[in-house]
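Just below is one structure, and these are the notes that go with it.
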Amino acid sequence: MNFNEQVWELTKKIPKGKVTTYREIARALHTKAYRAVGNALNKNPYAPNVPCHRVVKSDGSLGGFASGCEHKIKLLQEEGVEIKDNKVADFENKLYKF
DNA sequence: CTAATGACATTTG
DNA sequence: ACAAATGCCATTA
């Protein structure tokens, strides 16, 4: 319960034009449950409230998304994040650290 | 309470 | 470098 809320709160804190990884979120929560983080975002009852599309995998790939990763790619590009071959360009540069 | 699952990550083949 | 297997944590059935 609390865990998911924490995940969503952190996800909400991600500034526009930046991205983060499930691992980073888990680390911010002082845990290694990147799996659970993915699960939390998957449920994501605060769909428009939480920009889950800014959360990507550790290698910069978008990972899986509920409404098609293609749409998320477009959203990220709108926010200024360039996507290259299903991966974030300048990933380390755009990566948001908590 | 036990078992299965997933929007992951890391190590092997 | 790519594909498959294994490990992880919290949630859900």
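Because the structure is predicted, anything quoted here is derived from the model rather than measured. Letters A, B, ... mirror the listed sequences (proteins, then strands); counts begin at 1.
- A side-chain donor-acceptor contact under 3.5 Å links Arg54(A) to the backbone of Ile14(A).
- Of all heavy-atom pairs between Phe65(A) and Val55(A), the closest is CZ-O, 3.3 Å.
- Going from atom NZ of Lys87(A) over to atom C1' of dC2(C) covers 11 Å, rounded to whole Å.
- Salt-bridge check for Lys18(A) with Glu79(A): failed, with every basic side-chain N at 4.0 Å or more from each acidic carboxylate O.
- Atom-to-atom, CG of Asp59(A) to C1' of dA1(C) comes out at 13 Å; the value is rounded to the nearest Å.
- The shortest distance between the side-chain N/O atoms of Arg23(A) and the OP1/OP2 oxygens of dT10(B) is below 4.0 Å.
- Note: CG (Leu41(A)) to C1' (dA7(B)) measures 7 Å, nearest angstrom.
- In this structure, the CD1 atom of Ile25(A) is 11 Å from the C1' atom of dA7(B), given to the nearest Å.
- Atom pair Asp85(A):CG and dA1(C):P shows a separation of 13 Å (rounding to whole Å applied).
- Judged by distance alone, with hydrogens and angles left aside, Tyr22(A) brings a side-chain donor or acceptor within reach of the base of dA7(B), the pair sitting under 3.5 Å.
- Checked against dA9(B), dC9(C), dA7(B), the side chain of Lys32(A) finds its nearest nucleotide in dC9(C).
- Cys69(A) comes within contact range of no nucleotide atom at all, as no heavy-atom separation falls under 4.0 Å.
- Rounding to whole angstrom units, OH of residue Tyr34(A) and P of dG7(C) are separated by 13 Å.
- No donor-acceptor pair closer than 3.5 Å links the side chain of Trp8(A) to the backbone N or O of Phe3(A).
- Every residue meeting the side-chain hydrogen bond (donor to acceptor under 3.5 Å, both in side chains) condition with Ser61(A), not counting sequence neighbours, appears here in chain and number order: Asp59(A).
- Considering all non-hydrogen atoms of both residues, Leu10(A) and Ala28(A) come closest at CD1-CB, 3.8 Å.
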Return the polar atom pairs (N/O with N/O) between nucleotides 10-13 of chain C and the protein under 3.5 Å, or none.
residue	atom	partner	partner atom	Å
dT11(C)	OP1	Met1(A)	N	2.6
dT11(C)	O3'	Lys43(A)	NZ	3.2

